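Have a look at the structure below before the remarks.
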Amino acid sequence: MDEGAHEKLLHLTFEEAERTESSENAKNSSFESSKFILWLQIFIFTFFTVGGQAAGTLLGRVYYEQGGKSRWIATLAQTAGFPILLPFIFYPSAKNHSQQPVISASIFVRASVYIFLGIFQVANSMLFTIGVQYLPVSTYSLISGSQLAFTTLTSFLLNRQKITPIILNSVVLLSFSSSAVIFQNETGDSGEISQKSLLIGFTATTFGSLGYALQFSLTELAFQKVFKSGTLKEVMKMSFFIGLFVTITSLTGLFVSGNWNDLEKEIGEYRTGKLSYVINLVCTAISWQLYAVGSVGLVFKASALFSNVIINLGSSVVPIFAMLLLKDEMSGLKVFSLLLGLWGYASYIYQHYLDDLEAKTSEVKSSDDQADNL
């Protein structure tokens with residue numbers, strides 16, 4: 001081989017190496033960019049979930065403290081904010097340029113899923129309402145705290161959720177965090193409660209916790225099997241139609257129960273006035289709608305278990321807002337509960353970090369193998 005041919009071969013080899021390196025850099029850059037966007041979306045949905053949960057809980061408490069009495073109105077306010085999602089639903093989606101178009105489920109199948117999940121939400125809300133009515137606050141909090149453990153089980157069975165020691169540690173910490181109120185003396189918990197009431201309350205709250213766990217896992221399953229477009233519009237649609245169904249159900253209950261006749265009296269007796277009454281309910285509806293979008297969005301972008309982790313963390317964060325805005329006392333037990341919640345959340349995030357690190361390592365190894373084969 002003459003010197004010119006040898007130089008030409010070296011030049012071609014060098015160009016091939018440069019193209020390979022450039023391709024690898026582009027892949028790594030694309031991987032990092034997609035992960036950043038994913039975690040940004042998860043952060044936004046987390047903010048909606050925790051913020052909406054805190055605001056909705058505090059506004060609900062203000063509603064009762066200022067003279068509100070109707071449970072149907074309070075329940076209605078939790079889902080009546082669904083119309084604010086209309087602009088996002090009708091906003092045109094970006095066209096899918098992928099070679100394999102996504103086959104959308106029929107309208108009948110979609111409607112069936114929305115109605116089924118809506119029925120689940122109505123039933124679970126009613127079960128928890130019965131639990132609050134028949135159980136002391138401490139007992140109710142202990143049992144409802146089992147929702148995260150139930151979600152771990154249903155996610156493992158229905159969604160093939162990977163359960164690692166770190167995730168188990170997170171679940172235990174967050175469950176204890178949300179149930180820490182059992183060690184606190186609450187007014188009214190010392191009264192005698194019949195065995196029948198305890199049995200009714202225990203059964204209702206247990207089935208409510210299991211029902212919510214199933215609802216979140218079935219929501220994740222619906223995104224995997226039915227709503228395959230992979231767009232955030234699906235999150236908005238699901239939140240909208242479930243909210244619509246639950247709102248219609250709550251309105252029906254309001255009229256059938258006869259509470260509608262007492263509404264004018266309730267507004268008139270509201271301590272801070274009619275305008276304040278309306279503003280409270282409107283803000284409550286918006287807050288809980290943000291919570292709904294956030295929790296469903298976390299199921300969509302992460303998992304049912306991750307969504308429940310954030311909800312349990314929010315339960316520990318609410319007392320801080322109550323202390324700042326409603327001048328509640330921040331006891332040492334509440335601080336302990338918050339620290340447990342943050343520890344559990346950090347454990348779960350650390351597991352996601354390990355998963356991302358493993359995925360990145362596998363991606364780099366696969367790219368290196370392909371380069372070696374060239």
Side-chain angles (χ1 to χ4, degrees), residues 47-89 114 117-133 137 208 212 236 238-297 311 314-315 317-328:
F47 177 77
F48 283 172
T49 302
V50 175
Q53 183 180 9
T57 301
L58 297 183
L59 287 168
R61 177 176 158 183
V62 170
Y63 167 78
Y64 285 113
E65 286 182 348
Q66 297 302 318
K69 300 174 183 177
S70 174
R71 286 184 178 178
W72 282 112
I73 289 293
T75 303
L76 181 64
Q78 293 181 21
T79 57
F82 68 90
I84 67 173
L85 301 179
L86 282 173
F88 301 98
I89 291 176
Y114 294 142
L117 292 175
I119 291 173
F120 246 94
Q121 184 165 328
V122 172
N124 295 331
S125 298
M126 291 179 66
L127 287 170
F128 275 130
T129 300
I130 294 172
V132 170
Q133 182 178 357
V137 173
Y212 264 118
M236 302 300 176
M238 180 170 286
S239 299
F240 176 87
F241 287 111
I242 291 177
L244 173 63
F245 180 83
V246 178
T247 299
I248 292 174
T249 305
S250 299
L251 280 173
T252 303
L254 179 65
F255 283 101
V256 172
S257 65
N259 285 166
W260 177 261
N261 298 322
D262 301 326
L263 185 58
E264 186 176 354
K265 179 182 177 182
E266 179 176 299
I267 296 175
E269 294 178 352
Y270 200 72
R271 294 190 184 95
T272 50
K274 297 180 179 180
L275 180 61
S276 177
Y277 181 88
V278 174
I279 291 176
N280 178 286
L281 293 182
V282 170
C283 291
T284 300
I286 294 174
S287 298
W288 283 117
Q289 192 58 61
L290 289 175
Y291 164 83
V293 170
S295 59
V296 174
I311 291 171
S315 299
V317 170
V318 167
I320 295 181
F321 292 99
M323 177 191 68
L324 296 174
L325 302 176
L326 301 181
K327 309 302 179 184
D328 271 15

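Reckoned from all heavy atoms, side chains included, excluding hydrogens, waters and symmetry mates. From a predicted model like this one, the values you see are computed outputs, not experimental measurements.
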Can you give me the closest heavy-atom contact between Tyr291 and Gln53, atom names plus distance? CD1-CB, 3.8 Å

Measuring from atom OG1 of Thr249 to atom CG of Leu254, what distance do you get when rounded to the nearest 0.5 angstrom? 12.5 Å

Consider only side-chain N and O atoms of Glu266 and Tyr277, and report whether a donor and an acceptor are under 3.5 Å apart. yes

Inter-residue atom distance Met236.CE - Ile89.CD1, 0.5 Å rounding: 8.5 Å

Considering residues, nucleotides and ligands other than Tyr64, do more than 12 of their heavy atoms fall under 6.0 Å from its OH? yes

Interatomic spacing from CD in Glu269 to CD in Gln66 - rounded to 0.5 Å: 13.5 Å

Test side-chain contact (heavy atoms from CB on, under 4.5 Å) applied to Trp288 and Thr57, step by step: CA-CA 9 Å; Trp288 283 117; Thr57 301; 3.9 Å; yes

Does some side-chain heavy atom of Leu290 sit less than 4.5 Å from a side-chain heavy atom of Phe47? no

Please report the closest heavy-atom contact between Tyr270 and Ser276, naming both atoms and the distance. CE2-OG, 3.9 Å

Taking atom CZ of Phe245 and atom OG of Ser250, what is their separation to the nearest 0.5 Å? 10.0 Å

Roughly how far, to the nearest 0.5 Å, is the CD1 atom of Ile73 from the CG atom of Asp262? 10.5 Å

Are Phe82 and Thr247 side-chain neighbours, meaning at least one heavy-atom pair lies under 4.5 Å? yes

Is any side-chain heavy atom of Gln121 closer than 4.5 Å to one of Thr79? yes

Could you please spell out the steps behind the side-chain contact (heavy atoms from CB on, under 4.5 Å) verdict for Phe88 and Val293? CA-CA 12 Å; Phe88 301 98; Val293 170; over 6 Å; no

Output the distance between atom CG (Leu281) and atom CD1 (Ile286), rounded to the nearest 0.5 Å. 11.5 Å

For Asn124 against Gly208, the heavy-atom pair lying closest together: OD1-O, 3.9 Å

Can you give me the closest heavy-atom contact between Met238 and Tyr114, atom names plus distance? CA-CE2, 3.6 Å

Could you report the tightest heavy-atom contact between Ser239 and Gln289, atom names first, then the distance? CB-NE2, 3.8 Å

Which pair of non-hydrogen atoms, one from Ala80 and one from Ala285, has the smallest distance, and what is that distance? C-CB, 4.2 Å

Are Ser295 and Thr49 linked by a side-chain donor-acceptor pair shorter than 3.5 Å? no

